[in-house]
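Inspection log for the structure reproduced underneath, given as structure tokens.
Excluded from the calculations below are hydrogen atoms, water molecules and symmetry mates; all remaining heavy atoms, backbone and side chain alike, are included. Just so it is clear, the model here is predicted, and its values are computed rather than measured.
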Amino acid sequence: MPEQVAFQALVDLARRSKSSAKGLPAQVNITPHWSGVGFSLLGQRFVAPMGIISEMLEVPGYTRLPGVQPWVRGVANVRGRLLPLFDMAVFFGGRLSGQRKQRRVLILEHDDFYTGLMVDQVYGMQHFPVDSFSRETGDISETIQPFVAGSYQLGGQGWAVFDPGRLIGDVGFANAAKT
């Protein structure tokens, strides 16, 4: 008999738990997002993939190098590593704009490639719904077009997707020596 009393107590407890339990939360459709580092260059907004940009920092002190292209700013010592610095605005035929205090360096680290790209300003991480991606690059200058893989829209603003892999593979970028 004590077994039946214990069993009835458990049945009663289960019934009361079910009657006072709340339902599961409503199903919410979650839109997948793509994330990148937002920055501006030559008055346009870009975003670069998170996997290749390893760090963002203020423009460090650097040593100029002789016999290099004008867009090669020099090398900087960043935590014991020599970081080549490239002025991306000059590489694309313009010049950095905005205040000097806003300029930043995006550090690319991919395989054995380690370099710093100087840009006008960095906006930090940006997240875009993947369904807002377009192969269209918008109003990007012709010199930058080969390095852009499409664009995202966010809040009515277009962000061109800058592809550092295309930059790394570019013959003009790889040939930093003056000719």
Under 4.5 Å between any side-chain heavy atoms of [X] and [Y], yes or no?
{"X": "Val105", "Y": "Pro60", "result": "yes"}
{"X": "Pro129", "Y": "Pro32", "result": "no"}
{"X": "Val122", "Y": "Val37", "result": "yes"}
{"X": "Ile53", "Y": "Ile107", "result": "no"}
{"X": "Lys101", "Y": "Gln121", "result": "no"}
{"X": "Phe128", "Y": "Leu154", "result": "yes"}
{"X": "Met88", "Y": "Leu167", "result": "yes"}
{"X": "Leu96", "Y": "Met118", "result": "yes"}

So, does [X] use its side chain to make a donor-acceptor pair with the main chain of [Y] at under 3.5 Å?
{"X": "Asp111", "Y": "Phe113", "result": "no"}
{"X": "Ser151", "Y": "Glu136", "result": "yes"}
{"X": "Gln44", "Y": "Asp139", "result": "yes"}
{"X": "His33", "Y": "Thr31", "result": "yes"}
{"X": "Thr143", "Y": "Phe92", "result": "yes"}

Quick check with a 6.0 Å cut-off and a 45 degree axis cone: is Arg45 positioned over the face of Phe39's six-membered ring? no
Please check if atom CZ in Arg95 has more than 12 non-hydrogen atoms from other residues, nucleotides or ligands closer than 6.0 Å. no
Tell me if the CD atom of Gln157 is crowded by more than 12 foreign heavy atoms within 6.0 Å. yes
What distance separates [X] [atom1] from [Y] [atom2], expressed to the nearest 0.5 Å?
{"X": "Phe46", "Y": "Asp120", "atom1": "CZ", "atom2": "CG", "answer": "10.0 Å"}
{"X": "Glu109", "Y": "Leu83", "atom1": "CD", "atom2": "CG", "answer": "9.5 Å"}
{"X": "Phe86", "Y": "Leu117", "atom1": "CZ", "atom2": "CG", "answer": "8.0 Å"}
{"X": "Ile168", "Y": "Ile52", "atom1": "CD1", "atom2": "CD1", "answer": "6.0 Å"}
{"X": "Ile144", "Y": "Phe162", "atom1": "CD1", "atom2": "CZ", "answer": "8.0 Å"}
{"X": "Ser35", "Y": "Met50", "atom1": "OG", "atom2": "CE", "answer": "7.0 Å"}

Nearest heavy-atom neighbours spanning [X] and [Y]:
{"X": "Pro146", "Y": "Glu142", "value": "CD-O, 3.3 Å"}
{"X": "Pro84", "Y": "Val75", "value": "CA-CG1, 4.0 Å"}
{"X": "Ala76", "Y": "Tyr62", "value": "CB-CB, 4.1 Å"}
{"X": "Val72", "Y": "Ala176", "value": "CG2-CB, 3.6 Å"}
{"X": "Gly94", "Y": "Leu42", "value": "CA-CD2, 3.9 Å"}
{"X": "Ala149", "Y": "Asp163", "value": "CB-CB, 4.4 Å"}

Between [X] and [Y], does the ring centroid distance fall short of 6.0 Å?
{"X": "Trp159", "Y": "Phe133", "value": "no"}
{"X": "Tyr152", "Y": "Trp34", "value": "yes"}
{"X": "Phe91", "Y": "Phe173", "value": "yes"}

Can you hop from Tyr123 to Val161 via hydrophobic side chains spaced under 4.5 Å? yes
Any chain of hydrophobic side-chain contacts (each under 4.5 Å) joining Ile140 to Val47? no
Summary of salt bridge (charged side-chain N to carboxylate O under 4.0 Å, His left out) pairs that have at least one residue in residues 7-16, sequence neighbours excluded: Asp12-Arg15, Asp12-Arg16
Using the salt bridge (charged side-chain N to carboxylate O under 4.0 Å, His left out) rule, collect all pairs that involve residues 46-72, keeping only residues at least two apart or in two chains. Glu55-Arg79
side-chain contact (heavy atoms from CB on, under 4.5 Å) partner of Arg73, chosen from Val68, Val59, Asp87: Asp87
Does one side chain, of Thr137 or Gln145, offer a donor that lies under 3.5 Å from an acceptor on the other? yes
